[in-house]
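A quick write-up on the structure given underneath.
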Number of protein chains: 2
Amino acid sequence: MHFELDPRAPTPPSEQLADQVRFAVAAERMAPGDRLPSVRALAAEVRVNPNTVSRAWRELEREGVLESRRGDGMFVAAKALAVCRKAAARVVAERLERAVLEACAAGLTNQEIETLVRAACAADLAPRPRKSA
Amino acid sequence: MHFELDPRAPTPPSEQLADQVRFAVAAERMAPGDRLPSVRALAAEVRVNPNTVSRAWRELEREGVLESRRGDGMFVAAKALAVCRKAAARVVAERLERAVLEACAAGLTNQEIETLVRAACAADLAPRPRKSA
DNA sequence: ATGGGTGTCCTACCCCGATAGGACACCCGT
DNA sequence: ACGGGTGTCCTATCGGGGTAGGACACCCAT
């Protein structure tokens, strides 16, 4: 699992990381039992303070997405799939709706909006061979 | 022009206000010469500090969207339409794309995404009797 | 000229999230 | 037993953005 932070995104780093895990589990790119990168390793990789990663992992543990094995590592929990499916669907739907309403407010026609959406879908599916880059 | 703040949105209040003006101009719900609500009045209406509104207006003036007439008020600038059309299109496209990519990452199919988008469009068009088609 | 409206600017304070650096408890291979 | 990996916790500190309150300059109707 590869992580990436977008410094221009409106959401803070810790939330971006948490979302990426939630979405990966929801999309079954990660399965229960999978080990996550260590706090320190991931922090070094994405150039962030270890505390920031730790906070994300802690929140996910609170939600039941992750399980911590002290001295060993963090692992995707058994019930993670169910939890993440619900959470991801809710979050994604909300953000999508917000973006669409914004587009409407900006005067875009439904036609234009759907064109943009289709383009974005295509852009996502094309370049990614579904594993590591 | 009616303003509204969403406290749960990821973007700060001042940016929300600025966006609402940009989008209103882009969608021609506001035209050059129109007067904006006064800093203090709008601040009271949306329950925010006057400085927050002032900051939004100042940023819009910097972009050429608004013109300040000291002691009189803030007005939509002559070149506002052109500026806002570009800015709004860029911002909206970016946020829409971000939301769609997120949805893809969360495992939604293109089919599901388009359904959500259509629903959001419909939800927006229904309650609002669109000024200029 | 006056008073009330306008935008502008300034200083202080505060909250939240990220940063920095350290200390501790745990697990496991050696 | 040891050492290096793991997560956890703690105390600062910093910075952005919003808040609070005030002071000022300007325009205009009265």
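So that the names make sense, note that chain A is the first sequence line, chain B the second, and so on, each numbered from 1.
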Restricting to pairs with a member in residues 87-96 of chain B, which pass salt bridge (Lys or Arg N to Asp or Glu O under 4.0 Å), not counting sequence neighbours? R8(A)-E94(B), E102(A)-R95(B), D19(B)-R95(B), E94(B)-R98(B)

Quick one: list whatever passes side chain to side chain donor-acceptor pair (under 3.5 Å) with [X], sequence neighbours left out.
{"X": "T115(B)", "result": "none"}
{"X": "E28(A)", "result": "R85(A)"}
{"X": "R62(A)", "result": "E59(A)"}

[X]: partners by side-chain contact (heavy atoms from CB on, under 4.5 Å), with sequence neighbours left out:
{"X": "N51(B)", "result": "N49(B)"}
{"X": "A89(A)", "result": "none"}
{"X": "E67(B)", "result": "A77(B)"}
{"X": "V83(B)", "result": "V65(B), K79(B)"}

Which atoms form the tightest heavy-atom contact between W57(B) and V39(B), and what is the distance?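 Closest heavy-atom pair between W57(B) and V39(B): CD1-CG2, 4.2 Å.
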
Which parts of residues 48-70 of chain B get close to DNA chain C, meaning a heavy atom less than 4.0 angstrom away? N51(B), E61(B), S68(B), R70(B)

Where along residues 14-25 of chain A does a heavy atom come under 4.0 Å from DNA chain C, residue by residue in number order?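 By residue number: S14(A).
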
Can you give me the first and the last nucleotide of DNA chain D (5' to 3') that has an atom within less than 4.0 angstrom of a non-hydrogen atom in chain A?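 Span of nucleotides near chain A: dG5(D) to dC10(D).
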
Want to settle it: does D72(A) or P13(A) sit nearer the 5' end of DNA chain C, counting the closest nucleotide to each? P13(A)

Using heavy atoms to find the nearest nucleotide of DNA chain C for P12(A) and A41(B) separately, return the residue whose nucleotide is more 5′. A41(B)

Among residues at least two apart in sequence or on other chains, which ones pass salt bridge (Lys or Arg N to Asp or Glu O under 4.0 Å) with R70(A)?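 Not a single residue meets the salt bridge (Lys or Arg N to Asp or Glu O under 4.0 Å) criterion with R70(A).
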
